[in-house]
Amino acid sequence: MRESVERAWARAVESGTLPASAGATAPAAPVEIEVSRPDNPAHGDFATNLALKLARPLRRPPLEIARALADELGRDPGPIGSVDVAPPGFLNMRLDAAAVEQGVDAACAAGPLFGRIANPRPRRINVEFVSANPTGPLHIGNARGAFVGDLLCRVLEAAGQAVTREYYFNDFGSQVRQLGASVLAVRGGREVPDDGYRGAYVHDLARELPDEIRARALEPGADPDAVVGRWASERVRAGIEASLARLGVRFDVWTSEGSLYRDGWVDRAVERLREGGWLYEQDGALWFRSTAFGDDKDRVVRRSNGQFTYFGSDIGYLLQKFDRGFEHLIYVWGADHHGTVARVRNAAQAMGFDKDAVEMLLIAWVRFVRDGQELSMSKRSGEFITLDELLAEIGVDAARWFIAARAHTSGIDFDIELAKRQSSENPVYYVQYAHARISSILRKAAEAGMRPADSVAGALADDEVALGLAKLLLRLPEVVEDAATLHETHGITAYGTELATAFHAFYRDRRVIDRADPVTSATRLALVTATRLTLANTLALLGISAPDSM
RNA sequence: GUCCCCGUAGCUCAGUGGACAGAGCAACCGCCUUCUAAGCGGUCGGUCGCAGGUUCGAAUCCUGCCGGGGACGCCA
């Protein structure tokens with residue numbers, strides 16, 4: 001479409017209908033061709049404001065430019081069927097029905113791959129998300145990050161990128177020791193320490209603690225809290241992995257913070273920064289000169305007690321990820337990590353990497369509310385609702401849709417009681433219903449011995465309703481592309497709703513199975529099959545099931 | 001105090017400088033002899049937080065203010 005406009009512009013200039021530039025006027029910024037989807041169907045399938053943008057540099061009235069462009073567009077061999085000029089100078093273009101028919105046939109041929117974008121040179125992208133420390137089961141506060149990260153990965157993969165899903169966790173240090181101490185306390189019938197953990201899962205762990213681990217913890221010279229903590233955290237981590245699997249979220253790589261030290265990545269990163277002159281010692285601590293890159297203060301890498309900070313681990317991890325060959329790193333973080341964004345990106349730059357290759361997605365909070373009362377999530381107090389409990393109440397598909405339909409920057413109030421009550425009205429069921437309805441039609445058709453035509457050719461030119469539906473199907477690839485570019489998925493949910501609406505309208509206006517007219521029935525069956533495919537692919541992109549009956 | 005995000009219909013939220021500001025839900029009125037009524041049609045509903053500015057054109061960009069959330073550790 002853009003190519004057609006570009007060709008038309010070039011030909012208009014070539015033929016002298018339009019001036020190449022403004023002549024004496026300074027060559028301003030080059031005019032970029034924008035092709036948009038008008039909200040109003042009366043404005044065609046595509047529109048461009050090119051004539052409006054050219055009016056000033058060319059010093060010509062926009063309508064005159066628009067007419068010249070429309071003239072050339074009318075002769076273009078591309079998919080454009082008709083062109084209108086609308087004041088003050090918009091060009092409104094309509095797709096040619098035959099081109100749409102070919103597009104739908106191609107979509108059917110592509111099957112599950114329809115909507116995915118072929119990318120000859122995929123970028124290797126690492127997406128790190130969730131990364132909750134294994135000191136307790138995932139609670140509903142972790143849900144958004146899990147879904148947003150997973151959705152982002154699905155979208156990037158569909159856009160043809162090579163994505164690695166990564167979970168980063170802490171398997172040593174004070175939190176894990178606290179967990180061990182808490183388990184030991186419960187096992188021994190003692191009071192859990194003040195800064196220990198108290199949830200029901202701690203009691204489960206205490207009960208399940210193997211004698212062998214307990215014996216090892218009690219060996220002379222052993223650190224009981226650390227030994228038990230390590231065992232417990234691995235136990236918890238495995239539970240987290242299982243919970244995530246139930247959400248439809250999987251990871252390719254689990255990286256422990258400890259491994260970054262054992263394998264020397266932190267030392268190597270420190271060395272690299274030191275060579276660059278980006279480190280200095282002060283008050284017994286080792287500092288990174290983050291201010292040299294615009295941060296408002298320098299950051300401690302290694303404390304005066306010799307322990308590395310969390311930031312120390314971060315720089316080791318950065319080096320490790322780049323060393324593994326990733327071209328782009330995405331971190332899905334809670335909005336509370338906002339303060340650490342600058343230092344990590346600065347460290348990447350200081351180590352000689354491209355700062356823009358390190359990107360943080362800050363997820364706004366979800367306020368969980370039950371009956372107007374905000375719920376606090378604290379592993380230490382043991383007051384929290386686990387992810388598994390939430391899903392038992394509202395279901396994965398509904399929860400996924402809820403998260404996918406909102407920009408990740410917007411804060412969400414989530415009333416659990418309301419969500420349960422409204423779950424049957426969740427738009428996700430509306431979209432799934434459209435899929436199930438089509439499945440039912442196809443079953444009925446098969447029972448009647450009718451088969452979809454091999455092509456929708458001939459079904460669209462004289463049928464505005466069918467043509468409108470078909471045009472909508474063909475938008476999926478651009479919806480995917482937009483989502484991948486913006487790192488947002490609400491365009492996909494909106495598209496799914498729109499597509500379902502279009503199908504339901506088609507269902508109302510056009511009878512698919514008509515024994516009296518087998519030819520029309522066959523092409524409509526083909527169109528409806530393509531619609532079902534598009535709905536299924538859209539839902540798959542969101543990790544949501546596409547049921548054949550409801 | 002400094003920095004980041006948000007403020008759009010009763011509610012939850014879209015809106016990447018353009019054509020009358022949209023969707024879902026809620027509310028109200030209609031529609032099942034006929035491929036699934038988890039559906040369809042219609043109605044109601046907005047000072048786009050406020051005030052300036054830039055632009056042919058601003059919900060969108062800039063400045064200031066108001067309101068909500070978050071961040072500003074040798075915590076993780």
Side-chain angles (χ1 to χ4, degrees), chain A residues 34 36 38-40 42-43 47-49 52-53 55-56 62 86-90 92 132-133 135 170 173-176 257 282-287 295-297 299-313 334-342 362-365 367 401-402 405-415 418-419 421-434 436-445 447-448 450 482 485-486 488 490-491 493-494 497-498 500-501 503-505 507-514 521 524-525 528 547 549-550:
Chain A
E34 286 177 52
S36 63
D39 300 327
N40 186 338
H43 296 150
T48 181
N49 58 358
L52 289 165
K53 295 180 84 173
R56 181 190 285 269
F90 289 104
N92 295 328
N133 278 338
T135 52
N170 183 321
S174 61
Q175 288 194 6
V176 169
E257 193 177 349
Q282 186 184 305
D283 305 330
L286 187 64
W287 296 72
D295 202 351
D296 49 6
K297 56 185 79 165
R299 306 294 175 175
V300 172
V301 174
R302 194 181 58 221
R303 293 190 278 261
S304 51
N305 68 5
Q307 297 259 307
F308 280 96
T309 60
Y310 202 73
F311 178 55
S313 308
D336 57 334
H337 281 65
H338 147 68
T340 64
V341 170
L362 297 179
I363 309 301
W365 292 124
R367 255 167 40 99
W401 185 278
F402 186 86
R406 283 153 182 83
H408 63 77
T409 49
S410 74
I412 298 177
D413 280 356
F414 188 91
D415 188 314
L418 201 66
R421 248 181 289 135
Q422 290 185 346
S423 69
S424 63
E425 262 97 40
N426 188 313
V428 70
Y429 298 108
Y430 178 78
V431 178
Q432 288 180 320
Y433 181 66
R437 226 179 191 183
I438 298 174
S439 299
S440 172
I441 294 173
L442 294 177
R443 275 193 302 271
K444 277 263 165 34
E447 284 165 19
M450 303 174 86
D482 286 350
T485 305
L486 298 173
E488 292 285 7
H490 53 254
T493 54
T497 307
E498 200 181 341
T501 300
F503 167 71
H504 288 309
Y507 178 87
R508 178 195 66 221
D509 294 334
R510 296 288 183 269
R511 183 148 186 107
V512 177
I513 299 173
D514 181 0
S521 292
R524 282 185 183 161
L525 281 168
V528 148
S549 66
M550 289 176 75

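Protein chains get the first letters and strands the later ones, always in sequence-line order, with residue 1 at the start of each. Since the structure is predicted, the reported quantities are computational estimates derived from the model, not experimental observations.
Only the P atoms considered, B:C66 is 25 Å distant from B:C13, to the nearest whole Å. Taking the P atom of each, B:G45 and B:U33 are spaced 33 Å apart, rounded to whole Å. Spacing between B:C44 and B:U55 at atom C1', rounded to whole Å, works out to 36 Å. Separation of the C1' atoms belonging to B:U16 and B:G24 is 22 Å when rounded to the nearest angstrom. Nucleotides B:C20 and B:C32, compared at atom P, are 38 Å apart to the nearest Å. B:G64 and B:U2 have their P atoms separated by 10 Å, given to the nearest Å. Nucleotides B:A59 and B:G17 place their P atoms 13 Å apart, quoted to the nearest Å. Remark: the separation of the P atoms in B:A19 and B:A71 is 38 Å, to the nearest Å.
In this entry the distance linking CE of A:M550 with P of B:A38 reads 9 Å, nearest Å. Following rounding to the nearest Å, A:H490 (NE2) and B:A14 (C1') show an atom-to-atom distance of 6 Å. Taking atom CG of residue A:D482 and atom C1' of nucleotide B:A14, one finds them 14 Å apart after rounding to whole Å. When the P atom of B:C35 is taken as reference, atom CZ of A:F503 falls 13 Å away, rounded to whole Å. Rounded to whole Å, atom P of B:C13 lies 15 Å from atom NE2 of A:H408. Regarding A:L362, its CG atom lies at a distance of 17 Å from the P atom of B:C3, rounded to whole Å. Remark: P of B:C13 and CD of A:E498 are 22 Å apart, rounded to the nearest angstrom.
Nearest approach of A:V300 to A:F311, heavy atoms of both residues: O-CD2, 3.7 Å. What you find for A:R524 and A:R511 is that their closest heavy atoms are NH1-O, 2.9 Å. The minimum heavy-atom distance between A:A285 and A:S304, with the atom names listed, is CB-N, 3.9 Å. Residues A:G339 and A:R299 come closest through the heavy atom pair O-NH2, 4.5 Å.
Checked against side-chain contact (heavy atoms from CB on, under 4.5 Å), A:D482 has no partners two or more places apart in sequence or in another chain. Every residue meeting the side-chain contact (heavy atoms from CB on, under 4.5 Å) condition with A:A505, not counting sequence neighbours, appears here in chain and number order: A:R508. Listed by chain and residue number, nothing satisfies the side-chain contact (heavy atoms from CB on, under 4.5 Å) test with A:A494 (two or more places apart in sequence, or in another chain).
Within the 4.0 angstrom heavy-atom criterion, base atoms lie near A:S549. At the heavy-atom level, A:R524 lies nowhere under 4.0 Å from the strands shown. A:L486 comes within contact range of no nucleotide atom at all, as no heavy-atom separation falls under 4.0 Å. Nucleic acid contact for A:S410: sugar-phosphate only, since backbone atoms but no base atoms lie under 4.0 Å from a heavy atom of the residue. Using a 4.0 Å heavy-atom cutoff across all strands shown, A:F402 reaches no nucleic acid atom at all.
In B:C5 the base sits anti relative to the sugar, since the glycosidic angle is further than 90° from 0.
The phosphate of B:C25 has neither OP1 nor OP2 within less than 4.0 Å of any side-chain N or O from A:Y429. Residue A:R508 places no side-chain N or O under 4.0 Å from the OP1 or OP2 atom of B:G39. An OP1 or OP2 oxygen of B:A37 is reached within less than 4.0 angstrom by a side-chain nitrogen or oxygen of A:Y507.
Among the nucleotides B:C35, B:A19, B:A37, the one closest to any side-chain atom of A:N92 is B:A19. Nearest nucleotide to the A:P427 side chain, out of B:C35, B:G39, B:G24: B:G24. Of the listed nucleotides (B:A37, B:C5, B:U16), B:C5 has the atom at the smallest distance from the side chain of A:T409. Checking B:A14, B:A19, B:C35 against the side-chain heavy atoms of A:A47 singles out B:A19 as nearest.
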Show me the protein contacts with nucleotides 32-34 of chain B, counting only N or O atoms at under 3.5 Å.
none

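In this pair, A:F90 lays its aromatic ring flat on the base of B:A19, centres within 5.5 Å and planes under 30 degrees apart.
Judged by distance alone with a 3.5 Å cut-off, no donor-acceptor contact links the side chain of A:N49 to the base of B:A19.
Within the model, atoms OG1 of A:T497 and NE2 of A:H490 stand 12.5 Å from one another, a figure rounded to the nearest 0.5 Å. Separation of atoms CD (A:Q175) and CG (A:N133) is listed at 5.0 Å; rounding is to 0.5 Å. A distance of 8.0 Å separates CG in A:L525 from CD1 in A:I441, rounded to the nearest 0.5 Å. Taken to the nearest 0.5 Å, the OG1 atom of A:T309 stands 10.0 Å off from the CH2 atom of A:W287. Rounding to the nearest 0.5 Å gives a distance of 8.5 Å between CG of A:N426 and CZ of A:F402. Taking OH of A:Y310 as the start and NE2 of A:H337 as the end, the distance is 5.5 Å to the nearest 0.5 Å.
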| message | How would you summarise protein contacts on nucleotides 69-76 of chain B per nucleotide, using B for base, S for sugar-phosphate only and - for none, with heavy-atom distances below 4.0 Å? | response | -BSSSBSB

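Where A:A407 and A:I438 each meet RNA chain B at their nearest nucleotide, the meeting point lying more 5' is that of A:A407. Comparing A:S440 and A:H504 by the nucleotide of RNA chain B whose heavy atom lies nearest to each, the residue mapping closer to the 5' end is A:S440.
Judged by the 6.0 Å and 45° rule, A:R437 forms no cation-pi pair with A:F503.
The shortest side-chain heavy-atom distance between A:Y430 and A:T501 falls under the 4.5 Å cut-off.
Base pairing in RNA chain B gives the following stems of 3 or more Watson-Crick or G-U pairs, range against range and under 3.5 Å: B:1-7 with B:66-72, B:10-13 with B:22-25, B:27-31 with B:39-43, B:49-53 with B:61-65.
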